[in-house]
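Step one of this worksheet: look at the structure below.
One-based numbering, in listed order, for ligands and for the atoms of each. The figures that follow rest on heavy atoms only: side chains count, while hydrogens, waters and symmetry mates do not.
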Amino acid sequence: MNYREEACAFAPVNIAIVKYWGKRNKILNLPVTDSLSLSLKVGTTTSLREGKEKDEIELNGKIVAPESSFYQRTVRFLDLVRPHPHFFFTLKTKNDIPTAAGIASSASGFAALTLAVNKFFQLDLTKKELSCLARRGSGSACRSIYPGFVRWQAGKLKDGSDSYAKPISDTWSDLRMGAILLSEEEKPVSSREAMARSVATSPLYPFWPTLVLQDMKKIVKSIRTKDFALFGQTAEHNALAMHATMHTAFPPVFYWLEKTVEVIQRVLHARQDGLQLFLTMHAGPNVKLLFLKKDESEVKKLFPQLLPLEIAWS
Ligand code: DP6
């Protein structure tokens with residue numbers, strides 16, 4: 001197999017607006033439902049070279065310990081593309097945002113690695129194939145192949161060949177996103193575990209697929225018609241419903257901190273006072289805010305610690 005001396009690639013972080021929550025196949029990361037996200041300008045850059053005696057992984061300038069779950073997940077992904085068992089990689093990966101900030105997820109990491117592998121072995125994979133491969137590393141990574149709004153279609157086939165992401169052509173230049181970072185500590189429970197536990201034990205989970213069908217219709221309509229109230233309400237509702245499945249799992253997964261609740265309350269109050277401000281959350285304590293350009297200064301007054309998250313439209 002031909003390969004280059006070095007290959008380097010970038011992929012964006014994506015923030016889910018309608019969440020991927022639950023798998024029908026854990027090995028292939030096949031989801032129960034479709035999901036939809038927005039890609040940011042920040043992300044992960046990964047370079048790949050041939051290594052010597054074992055895979056060596058560097059994250060933000062530090063060697064990653066082979067015992068860590070990050071190392072093991074990455075090696076398992078590399079096993080999918082290794083030309084033979086004694087071929088090793090040296091991988092250097094860097095996030096624009098600190099990994100611990102709870103924004104640079106595994107999504108941009110596995111998408112950047114997929115793109116680097118494609119260049120390294122000169123595979124010439126199509127976007128669809130790239131999305132399917134990235135999905136094997138982390139489900140949400142299949143959406144980080146594209147900028148802007150991206151929809152991951154769940155697919156029906158057992159081999160997962162119809163489960164990949166596609167871009168939505170609409171852009172929304174007035175849309176704004178920001179993050180309120182409340183904790184930089186590593187999560188006590190991984191999102192992978194939280195997802196599996198919600199599916200297996202939450203009495204609310206059986207309703208989740210129906211809810212996603214409804215939310216997806218509303219979100220797609222809101223994007224087409226630029227109906228921000230519908231967009232924000234649906235995104236917020238979807239995120240809180242996802243957290244409800246975690247809260248009702250056993251043992252419960254509760255990522256919220258006191259400060260998380262404070263931020264949620266402040267968003268709800270601001271809305272009662274007439275501000276068009278909504279929130280979304282991934283599986284963690286940090287809160288992302290959704291608002292329009294016209295309200296930017298008002299939102300910053302309310303949340304001076306707001307970290308702007310610039311959306312990548314192309
Ligand atoms: C809450 O993609 O990290 O961010 O497929 O097990 O790696 P694995 O899960 P992952 O889960 C993401 C969950 C989420 C929602 C989303 O991004 O859609």
Side-chain angles (χ1 to χ4, degrees), residues 11-40 43-44 69-70 72-77 80 95 99 101-114 131-146 149-155 160 163-165 177 179 186-187 189-200 202 205 208-209 211-212 215-216 219 234-247 249 253-256 260 279-288 309:
V13 165
N14 77 71
I15 305 291
I17 302 295
V18 176
K19 314 290 182 188
Y20 147 53
W21 200 242
K23 304 182 195 195
R24 64 173 203 278
N25 179 319
K26 287 185 186 172
I27 293 167
L28 299 174
N29 287 334
L30 299 180
V32 173
T33 69
D34 285 17
S35 57
L36 187 144
S37 61
L38 259 175
S39 290
L40 302 183
T44 304
S69 63
F70 181 88
Q72 285 165 19
R73 268 182 81 173
T74 309
V75 166
R76 249 178 280 140
F77 179 82
L80 299 172
N95 292 321
T99 312
I103 290 183
S105 61
S106 51
S108 55
F110 280 109
L113 180 54
T114 299
S131 180
C132 281
L133 180 57
R135 189 198 72 228
R136 297 289 302 271
S138 190
S140 53
C142 78
R143 299 185 307 235
S144 279
I145 298 297
Y146 296 100
F149 286 115
V150 183
R151 180 172 181 159
W152 173 10
Q153 56 176 39
S163 183
Y164 55 91
M177 201 167 2
E186 205 179 316
K187 294 191 274 194
V189 181
S190 70
S191 30
R192 185 164 283 193
E193 164 60 20
M195 188 188 291
R197 211 184 286 175
S198 304
V199 175
S202 168
Y205 190 79
W208 175 256
L211 190 123
V212 170
D215 285 350
M216 193 60 91
I219 281 289
T234 310
E236 184 174 293
H237 173 252
N238 188 266
L240 294 178
M242 175 183 75
H243 278 268
T245 69
M246 293 185 232
H247 296 169
V253 184
F254 212 94
Y255 289 118
W256 297 8
T260 310
L279 64 92
T280 185
M281 298 176 72
H282 274 181
N286 300 313
V287 183
K288 281 114 203 166
L309 298 176

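Contacts with ligand 1 closer than 4.0 Å are made by side-chain heavy atoms of S106 only, the backbone lying farther away. The side chain of R73, and not its backbone, has at least one atom closer than 4.0 Å to an atom of ligand 1 (non-hydrogen atoms only; side chain from C-beta on).
Protein heavy atom in closest approach to atom 2 (O) of ligand 1: S140 OG, 2.6 Å. At the top of the distance list for atom 3 (O) of ligand 1, counting protein heavy atoms only, stands S138 OG, 3.4 Å.
T280 and K19 share a side-chain donor-acceptor pair at under 3.5 Å. Checked by atom type, the side-chain pair W208/T245 shows no donor-acceptor distance below 3.5 Å. Side-chain polar atoms of R143 and N14 form a donor-acceptor pair below 3.5 angstrom. Remark: the T44 side chain and the S108 side chain contain an N/O donor-acceptor pair separated by less than 3.5 Å.
Ligand 1 has no N or O atom lying under 3.5 Å from any N or O atom of K19, backbone or side chain. Here's the thing with R143: one of its N/O atoms is less than 3.5 angstrom from an N/O atom of ligand 1. Geometrically, ligand 1 and R192 share a nitrogen or oxygen pair separated by less than 3.5 Å. Not a single N or O atom of M242, backbone or side chain, sits closer than 3.5 Å to an N or O atom of ligand 1.
Two rings, from Y20 and W152, have their centers less than 6.0 Å apart.
Between the choices W152, Y20, W21, the shortest heavy-atom distance to atom 18 (O) of ligand 1 belongs to Y20.
The backbone N or O of G137 sits less than 3.5 Å from a side-chain atom of R73, completing a donor-acceptor pair.
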